[in-house]
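See structure below.
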Amino acid sequence: MTKPIYVLNGPNLNRLGTREPEIYGTTTLAEIEAMCRRAAGKHPLRFHQSNAEHEIIDWIHDAIDQGGGIIINAAAYTFTSLAILDALKMFPGPIVELHISNIHRRESMYRNSLVSQAATAVIVGLGANGYRAAVAAMLELINRKAK
Ligand code: DHK
């Protein structure tokens, strides 16, 4: 059975579409989910969003048990959550960290990512299209690992 890719989204991303469109654009999270599913093709994909840190950690634990890769936009938790980093460190497969905006060009509080310490790769500043790029990159990482 092909192990699913987990696409995990953090706080406030459920407001995409109307949230600070000058930074995050106008694509909704539902549209982003559809983009990810199209990009994954036949590869199974689980797509989740939560404003609660513990739920994100629970999905990472699920992925540890049955996932093939994790794509994570932990949003504000990226810079604050040791608990999410600790959970990611237990994941044996590839991890792609994703941000819609270019966090390295934003205020200093958005520049020190804890998630990056566990990430295989990081995608920033491509807007909602970054999710499509992340799924494509993840399929390559998974196939490379399978060889
Ligand atoms: C989303 C957020 O909610 C912010 O807290 C991050 C990230 C940036 C994004 O660009 O997708 O800093």
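For ligands, and for the atoms within them, numbers begin at 1 and follow the listed sequence. When reading the values below, keep in mind they use all heavy atoms of this one structure, side chains included, and skip hydrogens, waters and symmetry mates. For this chain, numbers begin at 1 and follow the sequence in order.
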Full working for side chain to side chain donor-acceptor pair (under 3.5 Å) between Y110 and N102: CA-CA 9 Å; Y110 291 124; N102 179 353; over 6 Å; no
Ring geometry between Y131 and F47 (parallel below 30°, tilted from 30 to 60°, perpendicular above 60°): tilted
Minimal non-hydrogen separation, E53 against Y77, with atom names: N-OH, 3.3 Å
N/O donor-acceptor pair under 3.5 Å between N51 side chain and N12 backbone: yes
Ligand-residue contact atoms, ligand 1 with F79, heavy atoms, under 4.0 Å: 6 (C), 12 (O)
Atom indices of ligand 1 within 4.0 angstrom of Y110 heavy atoms, with elements: 5 (O), 12 (O)
Flag, side chain of T78 to backbone of A75, donor-acceptor distance under 3.5 Å: yes
Within 6.0 angstrom of R15 CZ, more than 12 heavy atoms from elsewhere: no
Part of N73 within contact of ligand 1 (heavy atoms, under 4.0 Å): side chain
Residue pair N129, R132: steps toward the side chain to side chain donor-acceptor pair (under 3.5 Å) verdict: CA-CA 5 Å; N129 278 329; R132 198 199 322 264; 2.6 Å; yes
Over 12 non-hydrogen atoms of neighbours within 6.0 angstrom of CD in E140: no
Enumerated ligand 1 atoms positioned under 4.0 Å from heavy atoms of A76: 5 (O)
Ligand 1 to L98 polar contact by distance, N or O atoms, under 3.5 Å: no
Nearest-neighbour protein heavy atom for atom 9 (C) of ligand 1, which is reported as residue plus atom name and distance: I100 N, 3.3 Å
Part of R111 with heavy atoms under 4.0 Å of ligand 1, whether side chain, backbone, both or neither: neither
Nearest non-hydrogen protein atom, atom 4 (C) of ligand 1: Y24 OH, 3.5 Å
N/O separation below 3.5 Å, H99 to ligand 1: no
Where ligand 1 meets R19 - atom numbers and elements under 4.0 angstrom, heavy-atom basis: 2 (C), 3 (O)
Close N or O approach (I103, ligand 1; < 3.5 Å): no
